[in-house]
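Predicted, not measured: the structure shown is a model, and the values here were computed from it. Start at 1 with the first residue, then count along the sequence.
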Amino acid sequence: MSKRISILGSTGSIGRQSLEVIAACGMTAAALTAHSNSRLLEEQCRQFHPEAAVMMDEGAAADLRVRLADTDIRVLSGMDGLIEAATLPSADTVLTAVVGMVGLRPTLAAIQAGKRIAFANKETLVCAGELVMRAAREQGAEILPVDSEHSALFQSLEGCRDRGEVKRLILTCSGGPFYGKKASELQNMTRKEALQRPNWSMGAKITVDSATLMNKGLEFIEAMHLYHMPPEKISIVIHRESIIHSLVEYCDNAMIAQLGTPDMRLPIQYALTWPSRAPGPARPLDLWDCGPLTFGRPDLETFRCLDLALKAARRGGTAGAILNGANEAAVALFLADKIGFLDIADRVEGAMEQVPVVETPSLEDVLQADQAAREAVWHSAV
């Protein structure tokens, strides 16, 4: 069970809920990090008294130093600060809740430092899953999933004596705000409409990924690495109610699922308390009140981002890094109102066609593929 946590991305949705769990479970914070929200990070620091606070933005770090001048909290900045937060000797667990490729280097550093990793930064495994999981095996580091779907798979696999008995991993997907629509209806969808989210509260980038279903594609690739499963043994099912968070189908055709309310505090807590369970702040599920549960197939023709992610999963190598880098760049353009909703998939597909895949990549190959994909998207938008 974790006792002292460094949270990378403490001002985001996952980070804020993680602090609720830490407070409820009697844990403490070793370090808190954010991109640029110095006001909120100051509030968190005064409540949780971490050893260190990190701002990725240098200007925000300067502001935070002034805000915390009356405390003994060290204020660090940039990637070097993020890596220091991930490797603090006083921390036993690092919860990676940053969004995007920024999480890769601190995750690898935390693994090398022998930390338990509570993992909510799916892009790191999408881009460099083989490198990260190999490093974890070599260092004997524990990687525990925080995403609700992967936590559900993890919990449903805990009674599995032999992974050879697993027939299929089944990831559930709410379908996002545009479920049931066709491409012709999505042509003029706006930023505001894409940021509507029926079941979960998340940041803007992840919410757009949920609208395009790219988020589920990234989770598909993440599952391959976390559970050492080939793509043909992983499926996706639309489950609008978000009550069943994922399932494992075994060779005898039995299925084991994890159910709960759409409350991220439960998977966060389980990653921090494993192998134990404890009372916590997550809302209980009332089976009398949750209504009927429905299931359907994803529409790969309309939601092309999911189809592109499945192709990257089958391709392997740096295909995941290309997919993710292109998607991050395209979503940023969409959120800036520079491209349309359907253009996201077009830009990602263009980058995947343009940037060559390296079959057995080094860390440098992954970083170069990511940058090349972003540049391909930026140039296509000019």
Taking all atoms of both residues into account, what is the closest heavy-atom pair of Ile221 and Ala313, and its distance?
-> CG1-CB, 3.7 Å
Using a 3.5 Å cut-off and no angle test, enumerate the donor-acceptor pairs between side-chain atoms of residues 175-188 and protein atoms at least two apart in sequence or in another chain.
| unit_1 | atom_1 | unit_2 | atom_2 | d |
| --- | --- | --- | --- | --- |
| Lys182 | NZ | Asp299 | OD2 | 3.2 |
| Glu185 | OE2 | Lys182 | N | 2.9 |

Say whether, by atom type as modelled, one donor and one acceptor occur between the side chain of Thr318 and the main chain of Ala321 under 3.5 angstrom.
-> no
Please, which pairs that meet salt bridge (Lys or Arg N to Asp or Glu O under 4.0 Å) have at least one residue in residues 264-281, sequence neighbours excluded?
-> Glu20-Arg265, Asp263-Arg265
Return the set of residues passing side chain to side chain donor-acceptor pair (under 3.5 Å) with Ser246 (not counting sequence neighbours), or none when no residue passes.
-> none
Are His245 and Gln258 side-chain neighbours, meaning at least one heavy-atom pair lies under 4.5 Å?
-> yes
Has the side chain of Asp92 got a donor or acceptor atom that lies under 3.5 Å from a matching backbone atom of Lys3?
-> yes
Could you tell me whether the side chain of Ser13 reaches within less than 4.5 Å of the side chain of Met264, counting heavy atoms only?
-> no
Contacts of Lys233 that satisfy salt bridge (charged side-chain N to carboxylate O under 4.0 Å, His left out) - sequence neighbours left out | none
Should Met255 and Ile170 be marked as a side-chain contact (heavy atoms from CB on, under 4.5 Å) after you check the CA-CA gap, both sets of side-chain angles, and the distance that decides it?
-> CA-CA 10 Å; Met255 290 187 180; Ile170 304 173; 3.8 Å; yes
Run the side-chain donor-acceptor check on residues 157-165: report pairs under 3.5 Å with partners two or more places apart or on a different chain.
| unit_1 | atom_1 | unit_2 | atom_2 | d |
| --- | --- | --- | --- | --- |
| Glu158 | OE1 | Tyr270 | OH | 2.4 |
| Glu158 | OE2 | Tyr270 | OH | 3.4 |
| Glu158 | OE2 | Trp274 | NE1 | 2.8 |
| Asp162 | OD1 | Gly164 | N | 2.8 |

Any sub-3.5 Å donor-acceptor pair from Gln269's side-chain atoms to Ala282's backbone N or O?
-> no
Evaluate the side-chain proximity of Pro145 to Leu226: yes if any heavy-atom separation is below 4.5 Å, no if none is.
-> yes
Might you work through the side-chain contact (heavy atoms from CB on, under 4.5 Å) test for Leu323 and Met214, ending with a clear yes or no?
-> CA-CA 10 Å; Leu323 171 87; Met214 177 62 86; 3.6 Å; yes
According to a 4.5 Å side-chain heavy-atom criterion applied to Ile, Leu, Val, Met, Phe, Trp and Tyr, with indirect links allowed, do Met55 and Ile73 form part of one hydrophobic cluster?
-> yes
Check each of Leu40, Val54, Leu41 against Leu32 using the side chain to side chain contact (heavy atoms under 4.5 Å, CB included) test, and report the only one that passes.
-> Leu41
With a 4.5 Å heavy-atom cut-off, do Thr261 and Leu266 have their side chains touching?
-> no
Give the intermediate values and the outcome of side-chain contact (heavy atoms from CB on, under 4.5 Å) for residues Ile117 and Leu144.
-> CA-CA 6 Å; Ile117 313 297; Leu144 300 172; over 6 Å; no
salt_bridge(Lys167, Asp252) N-O dist < 4.0 Å = no
Is there a side-chain contact between Thr33 and Met56 (heavy atoms, below 4.5 Å)?
-> no
In short, salt bridge (Lys or Arg N to Asp or Glu O under 4.0 Å) pairs touching residues 28-56 with sequence neighbours left out are Arg39-Glu43, Glu42-Arg46, Glu42-Arg67, Arg46-Asp70, Glu51-Arg74
Can you get from Val357 to Leu218 by hopping between Ile, Leu, Val, Met, Phe, Trp and Tyr side chains that sit under 4.5 Å apart?
-> yes
For the hydrophobic clusters of this structure (ILVMFWY residues joined by side-chain heavy atoms under 4.5 Å, transitively), does one cluster hold both Ile256 and Met229?
-> yes
Is there a path from Leu76 to Leu8 through hydrophobic residues (I, L, V, M, F, W, Y) whose side chains come within less than 4.5 Å of each other?
-> no
Would you indicate whether Glu232, at its atom CD, is surrounded by more than 12 heavy atoms from other residues, nucleotides or ligands within a distance under 6.0 Å?
-> yes
Is Lys122 salt-bridged to Asp147, going by a charged N under 4.0 Å from an acidic O?
-> yes
Using distance only, find each side-chain donor-acceptor pair of residues 99-114 under 3.5 Å and give its atom names and separation, not counting sequence neighbours.
| unit_1 | atom_1 | unit_2 | atom_2 | d |
| --- | --- | --- | --- | --- |
| Thr107 | OG1 | Gly103 | O | 2.6 |
| Gln112 | OE1 | Gln139 | NE2 | 3.2 |

Heavy-atom check, side chain of Pro281 versus side chain of Val21, under 4.5 Å = yes
Please check if any side-chain donor atom of Asn327 sits under 3.5 Å from a side-chain acceptor atom of Asp209, or the reverse.
-> yes
Residue pair Arg4, Met27: steps toward the side-chain contact (heavy atoms from CB on, under 4.5 Å) verdict | CA-CA 6 Å; Arg4 191 159 170 79; Met27 302 172 185; over 6 Å; no
Between Ser235 and Arg168, do the side chains contain an N or O donor and an N or O acceptor separated by less than 3.5 Å?
-> yes
Side-chain donor or acceptor of His239 paired with backbone N/O of Ile243 under 3.5 Å | yes
Between Leu19 and Ser10, the two heavy atoms sitting closest are CD1-O, 4.2 Å
Say whether, by atom type as modelled, one donor and one acceptor occur between the side chain of Glu193 and the main chain of Thr190 under 3.5 angstrom.
-> yes
Would you check if the side chain of Asn37 reaches a backbone N or O of Thr11 as a donor-acceptor pair within less than 3.5 Å?
-> no
side-chain hydrogen bond (donor to acceptor under 3.5 Å, both in side chains) evaluation trace for Ser38 with Asp63 | CA-CA 7 Å; Ser38 57; Asp63 180 56; 2.5 Å; yes
Please answer: with hydrophobic residues joined when any side-chain heavy atoms are less than 4.5 Å apart, are Ile234 and Phe119 in the same cluster?
-> yes
Can you see which heavy atom on Ala86 is nearest to which on Val94, and at what distance?
-> O-CG2, 3.2 Å
Side-chain contact test, heavy atoms from C-beta onward, threshold under 4.5 Å: evaluate it for Leu300 versus Leu310 and give yes or no.
-> yes
Salt bridge (charged side-chain N to carboxylate O under 4.0 Å, His left out) against Asp307, all qualifying residues, sequence neighbours excluded | Lys311
Could you name each residue pair satisfying salt bridge (Lys or Arg N to Asp or Glu O under 4.0 Å) that touches residues 312-330, not counting sequence neighbours?
-> Arg315-Glu359, Glu328-Arg374
Extract all donor-acceptor atom pairs below 3.5 Å that involve side chains of residues 284-298 and protein atoms in other chains or at least two apart in sequence.
| unit_1 | atom_1 | unit_2 | atom_2 | d |
| --- | --- | --- | --- | --- |
| Asp286 | OD1 | Trp288 | N | 3.0 |
| Thr294 | OG1 | Glu241 | OE1 | 3.2 |
| Thr294 | OG1 | Glu241 | OE2 | 2.8 |

What's the shortest heavy-atom distance between Thr212 and Ile344, and which atoms?
-> CG2-CD1, 4.1 Å
So, are Arg116 and Glu142 salt-bridged, with charged N and O less than 4.0 Å apart?
-> yes
So how far is it from Asp343 CG to Glu349 CD, rounded to the nearest 0.5 Å?
-> 12.5 Å
Using side chain to side chain donor-acceptor pair (under 3.5 Å) as the criterion, list what pairs up with Lys216, not counting sequence neighbours.
-> Glu149, Glu219
Any sub-3.5 Å donor-acceptor pair from Ser77's side-chain atoms to Glu58's backbone N or O?
-> no
Closest heavy-atom pair, Met352 versus Leu308, reported as atoms and distance to 0.1 Å, is CE-O, 3.6 Å
Set of side chain to side chain donor-acceptor pair (under 3.5 Å) partners for Thr71, sequence neighbours left out = none
Which atom names give the shortest non-hydrogen contact between Pro262 and Arg283, and what distance separates them?
-> O-NH2, 3.3 Å
